[in-house]
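Just below is one structure, and these are the notes that go with it.
Note that the structure is a prediction, hence the values are computed from the model and not measured. Convention: sequence-line order gives letters A, B, ...; per-chain numbering from 1. Side chains included, hydrogens not; waters and symmetry mates left out as well; all remaining heavy atoms used.
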Amino acid sequence: SDEKRYVCHLCLKAFHTATLLHNHVNVHTGTRPYKCNDCDMAFVTSGELSRHRRYKHTLEKPFKCSVCKYSSVEASKMRRHIRSHTGERPYACDLCSYASKDAYKLKRHMITHSENNLPLSIPPLSMTDRIEYN
DNA sequence: ATTCGTTAGCGCCCCCTGCTGGG
DNA sequence: CCCAGCAGGGGGCGCTAACGAAT
C-alpha cells in the first residue's frame with residue numbers, strides 16, 4: 001500500500017520505508033555515513049555522495065546538450081540550460097511582467113517588489129492589475 | 001523481508017558576469 | 001566614468017521517492 005507507516009519521532013514526518021525514515025533521522029542527527037574518499041565531505045545518502053563525486057572528482061557529466069557544448073551532472077540542470085536556448089520562461093511574477101527561466105531567479109526578483117524596494121521599482125501595471133501601494 | 005545503490009526529481013542558495021541607469 | 005541594482009547562466013548541495021539488486 002502507499003501508507004506511510006514509518007514516522008519520525010523527532011518531527012512526526014512519515015515515510016513509506018524504514019530506509020527513508022532512517023535517512024531522514026540522519027538529517028536530524030547530522031549523521032553522514034557516506035564519506036568521500038577524495039575530500040572531507042560526507043553525506044546522508046549514497047546518492048548525494050555519488051553526485052558530489054561527479055561534481056568535484058570524476059567530473060562525469062552524463063547529460064549533453066544537443067544544441068551546444070554544454071553538459072551537466074544533473075538532468076534538472078540540463079532542463080534549465082535548455083531554456084536558455086528555447087527562451088521558455090515558466091516562472092511568472094504575479095506583480096509585474098517579469099518571467100524567469102529559473103524558479104530561484106523569480107524568488108530573487110521578488111525582492112525587488114519588497115517594501116524597501118517599492119519606491120525604486122514600481123512595476124509596469126496593466127489595467128487588470130490590482131495592486132495597492134500604501 | 002530488509003537494506004543498499006542508483007536514478008530521478010524537486011528545491012535552495014551561491015557565484016560570476018553583463019547590462020543599464022543615475023550620480 | 002564609476003557604482004549600484006538587477007537579471008542571466010550555471011555550480012553545488014539538501015532532501016525525498018521509486019525501484020531493482022543484493023543481503
Side-chain angles (χ1 to χ4, degrees):
Chain A
S1 82
D2 58 357
E3 183 189 8
K4 293 182 174 180
R5 302 164 46 211
Y6 301 89
V7 180
C8 174
H9 64 289
L10 295 171
C11 71
L12 302 184
K13 186 164 185 176
F15 298 87
H16 286 120
T17 70
T19 302
L20 283 172
L21 172 60
H22 192 243
N23 287 342
H24 170 80
V25 170
N26 280 346
V27 172
H28 282 304
T29 62
T31 306
R32 292 165 176 263
Y34 296 87
K35 320 280 186 192
C36 179
N37 289 330
D38 294 313
C39 70
D40 58 359
M41 293 287 284
F43 301 89
V44 170
T45 67
S46 62
E48 290 169 77
L49 172 59
S50 170
R51 183 181 55 179
H52 159 80
R53 292 192 51 73
R54 280 202 267 269
Y55 266 121
K56 305 299 257 186
H57 305 303
T58 71
L59 306 183
E60 179 194 359
K61 297 181 176 182
F63 301 93
K64 315 289 184 189
C65 179
S66 60
V67 178
C68 71
K69 300 227 178 249
Y70 176 76
S71 58
S72 68
V73 170
E74 300 177 74
S76 64
K77 297 298 184 290
M78 182 55 66
R79 282 193 292 272
R80 185 176 66 178
H81 166 79
I82 290 295
R83 289 188 202 117
S84 70
H85 291 306
T86 66
E88 183 193 5
R89 294 170 178 268
Y91 305 94
C93 176
D94 289 334
L95 302 179
C96 73
S97 59
Y98 174 78
S100 170
K101 301 167 184 172
D102 174 88
Y104 186 71
K105 295 298 185 301
L106 174 59
K107 183 173 182 177
R108 186 181 63 180
H109 162 81
M110 296 311 287
I111 296 172
T112 69
H113 293 310
S114 68
E115 204 122 323
N116 289 340
N117 284 304
L118 264 182
L120 297 177
S121 61
I122 297 175
L125 298 179
S126 71
M127 295 298 284
T128 56
D129 286 326
R130 58 194 194 306
I131 304 164
E132 294 177 9
Y133 297 105
N134 295 325

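A donor-acceptor contact under 3.5 Å is formed by the side chain of Arg51(A) with the base of dG14(C). The base of dG12(C) sits within donor-acceptor range of the side chain of Lys77(A), with an N or O pair under 3.5 Å. With hydrogens and angles ignored, a donor-acceptor pair closer than 3.5 Å exists between the side chain of Arg80(A) and the base of dG10(C). With hydrogens and angles left out, the side chain of Arg79(A) and the base of dG9(B) share no donor-acceptor pair within 3.5 Å.
Classification of Glu74(A) and Arg51(A) as a salt-bridged pair holds, one side-chain N sitting under 4.0 Å from a carboxylate O.
When side chains are defined from C-beta on, Leu21(A) does not count as touching Lys13(A), because their heavy atoms never get closer than 4.5 Å. In this structure the side chain of Arg83(A) reaches within 4.5 angstrom of the side chain of Pro90(A), judged on heavy atoms.
Checking the phosphate oxygens (OP1, OP2) of dG8(C), a side-chain nitrogen or oxygen of Tyr98(A) falls inside 4.0 Å. At least one side-chain nitrogen or oxygen of His109(A) sits closer than 4.0 Å to the OP1 or OP2 atom of dA7(C). Residue Tyr6(A) places no side-chain N or O under 4.0 Å from the OP1 or OP2 atom of dT16(C). Using a 4.0 Å cut-off, some side-chain N or O of Arg32(A) falls inside it from OP1 or OP2 of dG14(C). Proximity of His24(A) to the phosphate of dC15(C): no side-chain N or O atom is located under 4.0 Å from OP1 or OP2. Between dG10(C) and His81(A), a contact under 4.0 Å exists linking OP1 or OP2 to a side-chain N or O.
Side-chain atoms of Thr19(A) and Thr17(A) form no donor-acceptor pair, as typed in the model, at a separation below 3.5 Å.
Using a 4.0 Å heavy-atom distance criterion, Arg89(A) is classed as a sugar-phosphate-only contact. Across all strands shown, Ala103(A) has no heavy atoms under 4.0 Å from either base or sugar-phosphate atoms.
To the nearest angstrom, P of dC4(B) lies 8 Å from NE2 of His22(A). Here dA7(C) presents its C1' atom at 11 Å from CG of Asp102(A), a figure rounded to the nearest Å. Here the C1' atom of nucleotide dC6(C) and the OH atom of Tyr104(A) are 13 Å apart, to the nearest Å. Put simply, CG on Leu20(A) is 16 Å from P on dT6(B), counting in whole angstrom units. Computed from coordinates, the Leu106(A) CG to dG9(C) P distance equals 15 Å when rounded to whole Å. At whole-Å resolution of the value, NZ in Lys105(A) and P in dC14(B) are 12 Å apart. With rounding to whole Å, Tyr34(A) atom OH is found 9 Å from dT3(B) atom C1'. Between the C1' atom of dG14(C) and the CD atom of Glu48(A) lies a distance of 6 Å, rounded to the nearest Å.
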Heteroatom pairs (N/O) under 3.5 angstrom, protein to nucleotides 19-23 of chain C:
none

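Partner of His109(A) under the side-chain contact (heavy atoms from CB on, under 4.5 Å) criterion, chosen from Tyr104(A), Tyr98(A), Tyr91(A): Tyr98(A).
Of all non-hydrogen atoms in His81(A) and Cys68(A), the two that sit nearest each other are NE2-SG, 3.2 Å.
Aromatic ring centres of His16(A) and Tyr6(A): separated by at least 6.0 Å.
With distances taken from any side-chain atom of Lys56(A) to the nucleotides dG12(C), dT3(B), dG5(B), the minimum falls on dG12(C). Closest to the side chain of Phe15(A), out of dA17(C), dC10(B), dC13(B), is dA17(C). Closest to the side chain of Ser46(A), out of dG14(C), dT16(C), dT6(B), is dT6(B). Nearest nucleotide to the side chain of Thr19(A), out of dG11(B), dC4(B), dG9(C): dC4(B). Of the candidate nucleotides dG14(C), dG11(C), dT16(C), dT16(C) has the atom lying nearest to any side-chain atom of Lys13(A).
The side-chain hydrogen bond (donor to acceptor under 3.5 Å, both in side chains) search around Ser66(A) returns none, not counting sequence neighbours.
Hydrophobic clustering, with ILVMFWY side chains joined whenever heavy atoms are under 4.5 angstrom apart, keeps Leu20(A) apart from Val27(A).
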